[in-house]
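Working notes, beginning with the structure itself.
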2 protein chains.
Amino acid sequence: MTTDPFALALDLARRAARVGEVPIGAVITCNGRVIAKAHNMREHKQNAIYHAEVLAIMRACKKLKSWRLDNCEMYVTLEPCPMCRGAITNARIKKVYYGAKSDSDLNWTTPYENLENAESQKLLRDFFKSARQ
Amino acid sequence: MTTDPFALALDLARRAARVGEVPIGAVITCNGRVIAKAHNMREHKQNAIYHAEVLAIMRACKKLKSWRLDNCEMYVTLEPCPMCRGAITNARIKKVYYGAKSDSDLNWTTPYENLENAESQKLLRDFFKSARQ
């Protein structure tokens, strides 16, 4: 068993390929120690969210009992997609090392419509006002 | 119980506020029928991924036993963050209706470093080559 986090991410990517998943692996370290690892599981779980990076973040949060991963670094075999980059930012991950640029472009863009609903923002304003008090 | 999906999303946002979560709710419909709903659960679960939209997508995928939600629409009380927008795209959601523009900007950007590792891309190339055969 390797202890180099990037080599471990590559091992996970190979494992993904063996089970028919797109070969991407991710490892999260905290103060240099591996605390979470995952490979892509989208097909097996039929779940659009289950990219290696998101699964690794979920596991790291569980392990540290915190949604903040400020002392953590991620090693991932491929440049993360926009969802995963957002997840990495939301989790405050300190740094990401990736193996290669991604050249895949998704041809799909979901259209968005703003309903301009006053209640939506009032709920947020009231919540943060009472949180500050 | 309301059957208007956006009103239902607002109910979920109110429920989130009552339990101390930032009040955001999301509902997914498939051919006009509600198939998944969620509110933000980041604090309770201490999980950076558990935004209302991501939880709703995970539940909808489970319900439909598919990562593709092409016939689904999302109703969400606030404009989704970059992670959730990426998740919505990855799940091929047909359309998103949101209640209000988000004015929150995250002050954190994770730095990325490309390790330019040849094996990472070879794994992907080999995988897609054998998948095409």
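Keep in mind that this is a model prediction, so the values were computed, not measured. Reminder, nothing fancy here: chain letters follow the sequence lines and each chain counts from 1.
- Looking at Leu78(A), only its side chain comes within 4.5 Å of chain B, counting heavy atoms on both sides.
- Contacts between Ile49(B) and chain A at a heavy-atom distance below 4.5 Å involve the side chain alone, from C-beta outward.
- Looking at Lys45(B), neither its backbone nor its side chain comes within 4.5 Å of chain A, counting heavy atoms on both sides.
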Practice prompt. Would you sort out whether Arg85(B) and Tyr112(A) count as a side chain to side chain contact (heavy atoms under 4.5 Å, CB included), showing the intermediate values?
Written response: CA-CA 10 Å; Arg85(B) 290 203 297 273; Tyr112(A) 283 72; 3.5 Å; yes
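- Of all the listed residues (Arg68(B), Arg14(B), Glu116(B)), the one sharing the greatest number of non-hydrogen pairs under 4.5 Å with chain A is Arg14(B).
- Contact annotation: the side chain of Glu43(B) approaches that of Trp67(A) to within less than 4.5 Å [non-hydrogen atoms, C-beta and beyond].
- You'll find the side chain of Asn114(B) reaches within 4.5 Å of the side chain of Lys101(A), heavy atoms only.
- Contact count versus chain A (heavy atoms, under 4.5 Å) is highest, among Tyr75(B), Trp108(B), Phe6(B), for Trp108(B).
- At a 4.5 Å heavy-atom cutoff, the contact between Lys95(B) and chain A is made by backbone and side-chain atoms alike.
- The parts of Leu123(B) that come within reach of chain A are both its backbone and its side chain, each placing non-hydrogen atoms under 4.5 angstrom from that chain.
- Side-chain contact between Glu119(B) and Thr77(A): absent, with no pair of heavy atoms (C-beta onward) separated by less than 4.5 Å.
- Minimum heavy-atom separation, Ile93(A) to Thr110(B): O-OG1, 2.9 Å.
- Tyr50(A) approaches Met58(B) most closely through the heavy-atom pair OH-CE, 3.5 Å.
- Using a 4.5 Å cut-off between heavy atoms, Glu73(B) does not touch chain A at all.
- Per-residue counts of heavy-atom pairs under 4.5 Å with chain A were compared for Ser120(B), Pro80(B), Cys61(B); the largest is that of Ser120(B).
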Discussion item. Side chain to side chain contact (heavy atoms under 4.5 Å, CB included), that's the test. Do Asn90(B) and His51(A) meet it? Break it down for me.
Written reply: CA-CA 10 Å; Asn90(B) 288 353; His51(A) 286 196; 3.4 Å; yes
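- The minimum heavy-atom distance linking Gly20(B) with Phe127(A) is given by the pair O-CZ, 3.7 Å.
- Heavy-atom pairs under 4.5 Å with chain A were tallied for Val54(B), Asp126(B), Leu115(B); the largest tally goes to Leu115(B).
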